[in-house]
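Structure first, then comments.
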Amino acid sequence: MSTRPARTSRTPADAPLLELGRGHLRSRGGALSLRFERRALLAALVLALAGGCAAVAAIGSGELSLSPLEVVRTLAGSGPPGADFVVMDLRLPRALDALLVGFGMGVAGAVFQSLSRNPLGSPDIIGFGNGASAGALVALILLDTGPVQTAAGAVGGGFCTALVVYLLARRGGAHGYRLVLIGIGASAVLGSCTSFLFVRADLGKAAQAATWMVGSLGGRGWSDAAVAAVGLLALLPAVLACARRLALLEMGDDAAAALGVSPERTRIALLAAGTGLTAMSVAAAGPIPFVALAAPQLARRVTRSTGPNLLPAGWMGALLVAACDWTAQRLPGIVPVGVVTGVTGGLYLAWLLWRQRRGGRL
């Protein structure tokens, strides 16, 4: 019989509300459990600061050029004369829309790449972004609707595409190359549908839709930023709540099930949340290419940690869109931000292939 004294636990009165352990934050009683890596958290903070700086620089660009200090002073209510209207009414909504859309696309890309366990499994590759674009174009061209109905069409198109891809790829679990290949096929079909919509549209609507399809922040107002903000507020908590289960799914369905995770229910919930984030981002700024593809991979290289890296990927996406928007504003003529992200994404893919070939993996 053991004579070792029994371990005593603290009473709720002398227990701290929160304990900050090594690599995780937990509450007494299990009400809160949030695991993190310090490097990933630091990287997210640095990326958020860099994204804010890029947004401030973009706000200061234009015919009325403002220094970053003047922009900050204007936002605080003590800027130079005549700057309030330009900053608060014209440029701030565009900058906020860029940050919110980039964040949503970065998180959605991290979710889909983690679920498919494939760096090509981003929503703009597997068709979910094209589905949202097709739904928005139906509302814009065929129904001649306003911004709210266009956003609803984007959400509906994205979810319909996600449902079809999931049903076609669900045999044995909708993951891996099956999801990517079926999504690429769906993307090709949806591309043909959008081309048909352009043919059916009159010249004015076709020009408007073409600009929107490239991905543009020009003329974006508070209503567009509100669409992206509502999407993030509604869906980001659901994604973060499933972050630990998403990391376990990367080890495979059998391992996740052995650790108490329901693979299929978790996958459906994350597919729905990621599709919603993609659709709301597309509705707020159009299908800005390559952000959802590149942001999670770049974030993983910055954090040097495994797992989905949801918050670093989100802030990396916000930084990419804000920096590309600042670049687009400084180029001659009217250049949509999607053109700059497309060129940047192409250069990124070329660099990635070069590294793969140099390392003997290609």
Side-chain angles (χ1 to χ4, degrees), residues 35-37 40 104-131 158 161-187 235 238-278 290-314 316-317 345 348-349 352-353 355-356 359-362:
R35 295 181 180 273
F36 62 88
E37 293 187 18
M105 286 184 172
V107 173
V111 168
F112 286 119
Q113 289 182 14
S114 183
L115 283 177
S116 63
R117 300 195 287 274
N118 192 317
L120 293 178
S122 65
D124 49 352
I125 297 294
I126 61 177
F128 294 179
N130 285 352
T161 304
L163 179 62
V164 171
V165 171
Y166 171 76
L167 291 177
L168 292 175
R170 71 189 300 265
R171 182 181 176 184
H175 56 76
Y177 285 100
R178 186 186 301 112
L179 180 66
V180 175
L181 291 175
I182 293 176
I184 290 174
S187 180
L235 298 171
V239 173
L240 294 179
C242 296
R244 181 174 175 272
R245 284 176 282 172
L246 179 60
L248 293 177
L249 278 180
E250 288 188 347
M251 300 187 299
D253 287 3
D254 293 338
L259 294 172
V261 174
S262 174
E264 205 60 22
R265 282 191 298 178
T266 302
R267 190 175 292 114
I268 292 174
L270 287 168
L271 280 173
T275 302
L277 286 174
T278 302
F290 281 109
V291 175
L293 175 68
Q297 296 301 312
L298 293 175
R300 183 166 293 188
R301 283 167 170 77
V302 171
T303 61
R304 298 179 184 174
S305 62
T306 58
N309 288 290
L310 294 175
L311 291 180
M316 179 63 78
Y348 165 73
L349 284 179
L352 187 61
L353 290 172
R355 282 200 61 183
Q356 294 282 335
R361 297 186 295 271
L362 187 64

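Residue numbers run from 1 in the order of the sequence given.
Taking S187 as the reference, N130 meet the side-chain hydrogen bond (donor to acceptor under 3.5 Å, both in side chains) condition, with sequence neighbours excluded. Among residues two or more places apart in sequence or in another chain, the salt bridge (Lys or Arg N to Asp or Glu O under 4.0 Å) test is passed with R245 by none. Residues passing the side-chain hydrogen bond (donor to acceptor under 3.5 Å, both in side chains) test with R265 are S262, sequence neighbours excluded. Legend: residues meeting side chain to side chain contact (heavy atoms under 4.5 Å, CB included) with T278, ordered by chain and number and at least two apart, are A108, F112, P123, V282. With sequence neighbours excluded, the residues forming a side-chain hydrogen bond (donor to acceptor under 3.5 Å, both in side chains) with S114 are E250, listed by chain and number. Among residues two or more places apart in sequence or in another chain, the side-chain hydrogen bond (donor to acceptor under 3.5 Å, both in side chains) test is passed with S122 by D124.
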Evaluate the criterion side chain to side chain contact (heavy atoms under 4.5 Å, CB included) for residue pair L115 and L249; output intermediate values, then yes/no. CA-CA 7 Å; L115 283 177; L249 278 180; 3.9 Å; yes
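Closest non-hydrogen pair, A295 versus A313, comes out as CB-O, 3.7 Å. Across all their heavy atoms, A273 and L235 have their closest contact at O-CD1, 3.8 Å. Residue C242 comes nearest to L270 through the heavy atom pair CB-CD2, 3.6 Å, listed as atom of the first residue, atom of the second, then distance. Residue T275 comes nearest to G158 through the heavy atom pair CG2-O, 3.3 Å, listed as atom of the first residue, atom of the second, then distance. The shortest heavy-atom contact between L310 and A110 is CD2-CB, 3.9 Å.
Between the CG atom in N309 and the OG1 atom in T303 there is a gap of 3.5 Å [rounded to 0.5 Å].
Looking at heavy atoms from C-beta onward, L277 lies in side-chain contact with V239 at the 4.5 angstrom threshold. In this structure the side chain of L311 reaches within 4.5 angstrom of the side chain of L240, judged on heavy atoms.
Partner of M316 under the side chain to side chain contact (heavy atoms under 4.5 Å, CB included) criterion, out of V291, V107, L298: L298 alone.
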